[in-house]
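Below is one structure, written out as structure tokens; the observations come after it.
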Amino acid sequence: MEQQLIIYNTLSRKKEPFKPINEGKAGMYVCGPTVYGDGHLGHARPAITFDILFRYLQHLGYKVRYVRNITDVGHLEHDADDGEDKIAKKARIDSLEPMEVVQYYLNRYHKAMERLNVLPPSIEPHASGHIIEQIEYIKKILDAGYAYISEGSVYFDVEKYSRKYHYGKLSGRNIDELLNTTRELDGQQEKRNSFDFALWKKASPEHIMRWPSPWSDGFPGWHLECSVMGTKYLGEEFDIHGGGMDLMFPHHECEIAQSVAAQGKETVHYWMHNNMVTINGQKMGKSLGNFITLDQFFTGTHPLLSQSFTPMTIRFFILQAHYRSTLDFSSEALVAAEKAYQRLCQGLENLSKITPSDKTTAEISGLRQRCYEAMNDDLSTPIVISHLFDAVKQINTTLSGTTTISAEDIKELKETFSIFMFNILGLTLENESTTTGNKAYEEALDLVLQLRQEAKGRKDWSTADLIRNRLTEIGFEIKDTKEGAEWKLVK
RNA sequence: GGUACCUUAGCCGAGUGGUUAGGCGCCGGUCUGCAAAACCGUCUACAGCAGUUCGAAUCUGCUAGGUACCUCCA
């Protein structure tokens with residue numbers, strides 16, 4: 001069936017049909033993490049959002065190259081008076097090599113992404129590995145006349161650029177208002193205008209992350225790496241650039257300016273921005289210190305968490321909101337997501353228990369098509385999920401004997417779940433290690449439950465309840481089914 | 001201060017100019033010795049005011065509240 005994916009382009013502020021530059025191929029670049037701390041829930045949002053896009057483009061048959069960078073140099077920190085960058089600062093505190101810090105947090109980031117079932121990108125370039133390319137890129141901007149050298153640093157000449165091009169087209173700003181609203185920053189006196197941004201920054205003597213360049217020993221500016229690595233791996237023009245909304249200005253605005261200055265044309269055709277995760281209505285972020293790390297979710301070790309949450313609950317929670325909406329976190333909302341996800345999984349499991357009928361009376365027709373329509377409409381994962389829940393209802397109703405489903409339609413349902421729940425939404429069934437383990441331990445539990453069954457047989461309710469209550473206290477969940485008692489370890 | 005965006009039932013969250021989003025929770029029911037689990041049913045909202053319209057929660061204006069960006073930030 002013909003599918004036309006529609007995506008929202010921040011540049012036009014409209015939903016647009018996705019038309020790739022090269023037929024059958026798609027190039028996407030997403031701003032990855034700065035690896036100087038553990039990933040938190042906010043980091044999971046773009047990772048999962050663009051994982052969905054990556055998966056869906058592939059599902060639609062595109063050959064996709066997905067580049068997600070690792071920022072391990074260059075982000076200036078305001079509270080460091082000499083422009084020391086974040087990686088170096090953390091390293092000093094911990095008495096570690098900067099690259100040791102990078103590797104440590106990168107490993108942890110990868111681990112968390114894997115648990116969230118976020119596919120690794122095609123290429124994961126490090127900024128520190130592309131210093132030469134960044135220097136070359138700066139030279140191009142200098143040659144084009146849109147940058148100037150000052151005290152060993154190189155700055156982008158925004159004022160000059162804006163005479164010919166629109167600086168602010170992505171974020172909806174104009175230069176006059178920037179003049180009045182840009183705050184005082186370090187190194188201001190070196191710049192012609194306060195809104196000029198650094199392409200290359202001279203390192204102060206104590207700055208340990210530094211590279212030689214024609215201008216000084218120093219490090220590349222804030223926004224350069226994405227322009228450079230994006231074009232290096234995806235070409236001077238490529239299809240999609242994604243990232244968090246908070247990066248729109250100045251980061252992505254500067255990227256546009258850099259690429260236009262360096263190559264005379266824009267690089268990106270579709271800009272996509274995911275919205276923020278909020279906590280008590282406020283953005284969850286490093287600067288506010290109100291973040292909860294992914295590991296804290298997985299282990300339940302944070303005062304705001306009532307319990308631990310599985311990676312799939314986190315993933316499901318994020319997918320229940322559209323990526324362009326803010327998503328407000330609360331422990332209560334996560335518990336709801338956990339229950340909902342269990343219901344979805346249970347529904348799928350119930351599908352296998354249905355005895356096929358000759359014909360289908362349950363309302364399940366068009367499910368697959370509706371799911372495609374939702375995905376094509378700017379990746380409306382909440383709608384896909386709601387359609388899957390509609391199917392769950394029909395499955396459960398059928399299982400209770402009210403309606404029927406034919407063998408053919410059961411197959412169709414299974415395929416649809418497989419495509420959307422697993423392949424596209426990237427959800428996985430939680431592995432049931434809670435019911436397996438040591439053989440002797442399993443048999444002992446079965447024996448205890450058998451004793452309870454016998455107690456029930458002679459209507460010795462006090463003994464039966466004692467066993468059940470004690471097992472529940474210990475942490476087991478006991479289910480009495482028609483086939484006998486089942487147990488599983490809950491926590 | 002500038003710019004942009006948001007305000008949906010107890011909670012989280014979709015969507016739309018006229019028809020039930022979905023989930024959680026609550027309540028009721030089925031099942032059960034009683035429970036739990038599971039399943040079924042119910043609960044019907046769109047910040048306020050004015051306007052456009054046959055009809056607006058959906059469009060327009062104003063008001064109130066909130067958020068984001070303007071500084072590193074996903």
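The shown structure was predicted, so the numbers you read here are calculated from the model rather than taken from an experiment. We name chains A, B, ... by the order of the sequence lines, and we start the count at 1 in each one.
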TODO: Evaluate the criterion side chain to side chain contact (heavy atoms under 4.5 Å, CB included) for residue pair A:Tyr167 and A:Glu253; output intermediate values, then yes/no.
DONE: CA-CA 7 Å; A:Tyr167 179 79; A:Glu253 202 68 71; 4.1 Å; yes

Task: Contact under 4.0 Å: A:Ser325 side-chain N or O vs B:C6 OP1/OP2 - done: no

Open item on the list: Within the 4.0 Å heavy-atom criterion, would you say A:Thr278 contacts the bases, only the backbone, or no part of the nucleic acid?
Closed with: nothing

- [ ] Take the protein atom CE of A:Met113 and the nucleotide atom P of B:A74, then report the distance between them rounded to whole Å.
- [x] 11 Å

Task: Whole-Å gap separating C1' (B:A36) and CD (A:Gln342) - done: 14 Å

- [ ] Nearest 0.5 Å please: distance from the CZ atom of A:Phe54 over to the CD1 atom of A:Ile48.
- [x] 15.0 Å

Open item on the list: Side-chain N or O of A:Lys339 versus OP1/OP2 of B:G23: is the shortest distance under 4.0 Å?
Closed with: no

Task: Involving RNA chain B, stems made of at least three consecutive Watson-Crick or G-U pairs, both distances under 3.5 Å - done: B:1-7 with B:64-70, B:10-12 with B:22-24, B:27-30 with B:38-41, B:47-51 with B:59-63

Open item on the list: Mind checking if A:Gly172 touches a base, just sugar-phosphate, or nothing, with heavy atoms under 4.0 Å?
Closed with: sugar-phosphate

- [ ] Starting from P on B:A21, measure out to CG on A:Leu344 and report it in whole angstrom.
- [x] 20 Å

Task: From A:Met276 atom CE to A:Leu41 atom CG, the distance as rounded to the nearest 0.5 Å - done: 11.5 Å

Task: is_close_aromatic(A:His252, A:His273), centroid dist under 6.0 Å - done: yes

Open item on the list: Check the phosphate of B:C69 against A:Lys283, side-chain N and O only, distance under 4.0 Å to OP1 or OP2. Yes or no?
Closed with: yes

- [ ] May I ask you to check if A:Lys283 and A:Phe291 form a cation-pi contact, with NZ or CZ under 6.0 angstrom from the six-membered ring centre and within 45° of the axis?
- [x] no

Open item on the list: For B:G23, is there a stacking contact with A:Phe389, counting only centres under 5.5 Å and planes under 30°?
Closed with: no

- [ ] Mark yes or no: A:Arg173 above the aromatic ring of A:Phe249, with NZ or CZ under 6.0 Å from the six-membered ring centre and no more than 45 degrees from the axis.
- [x] yes

TODO: Would you mind classifying the nucleic acid contact of A:Val30 as base, sugar-phosphate or nothing, using non-hydrogen atoms under 4.0 angstrom?
DONE: nothing

TODO: Give the nucleotide from the list B:A35, B:A74, B:C70 with an atom nearest to the side chain of A:Asp480.
DONE: B:A35

Open item on the list: As a test of reading the structure: which of B:A4, B:A74, B:A14 is closest to the side chain of A:Ile383, going by heavy atoms?
Closed with: B:A14

Open item on the list: Is the terminal nitrogen or CZ of A:Arg192 (NZ for Lys, CZ for Arg) located under 6.0 angstrom from the six-membered ring centre of A:Tyr155 and within 45° of that ring's axis?
Closed with: no

Open item on the list: Work out how far the P atom of B:C12 is from that of B:G25, and round it to whole angstrom.
Closed with: 15 Å

Task: Pair of N/O donor and acceptor under 3.5 Å linking B:G33 base with A:Asp465 side chain - done: yes

Open item on the list: Is the phosphate of B:A38 approached by A:Asn396 (side-chain N or O, under 4.0 Å from OP1 or OP2)?
Closed with: no

Open item on the list: Counting the atoms with a prime plus P, OP1 and OP2 as sugar-phosphate, which does A:Leu327 contact under 4.0 Å by heavy atoms, base, sugar-phosphate, or nothing?
Closed with: sugar-phosphate

- [ ] May I ask you to say whether A:Asp465 pairs ionically with A:Arg452, meaning some side-chain N is under 4.0 Å from a carboxylate O?
- [x] no

Open item on the list: If you compare every side-chain N and O of A:Lys393 against the phosphate oxygens of B:G41 (OP1, OP2), does one of them come in below 4.0 Å?
Closed with: yes

TODO: Please determine if a side-chain N or O atom of A:Arg343 lies less than 4.0 Å away from the OP1 or OP2 oxygen of B:G23.
DONE: yes

TODO: Mind checking A:Met276 for me? I need base, sugar-phosphate or nothing, with any heavy atom below 4.0 Å counting as a touch.
DONE: base

Open item on the list: As a test of reading the structure: which of B:A14, B:C34, B:A68 is closest to the side chain of A:Arg468, going by heavy atoms?
Closed with: B:C34

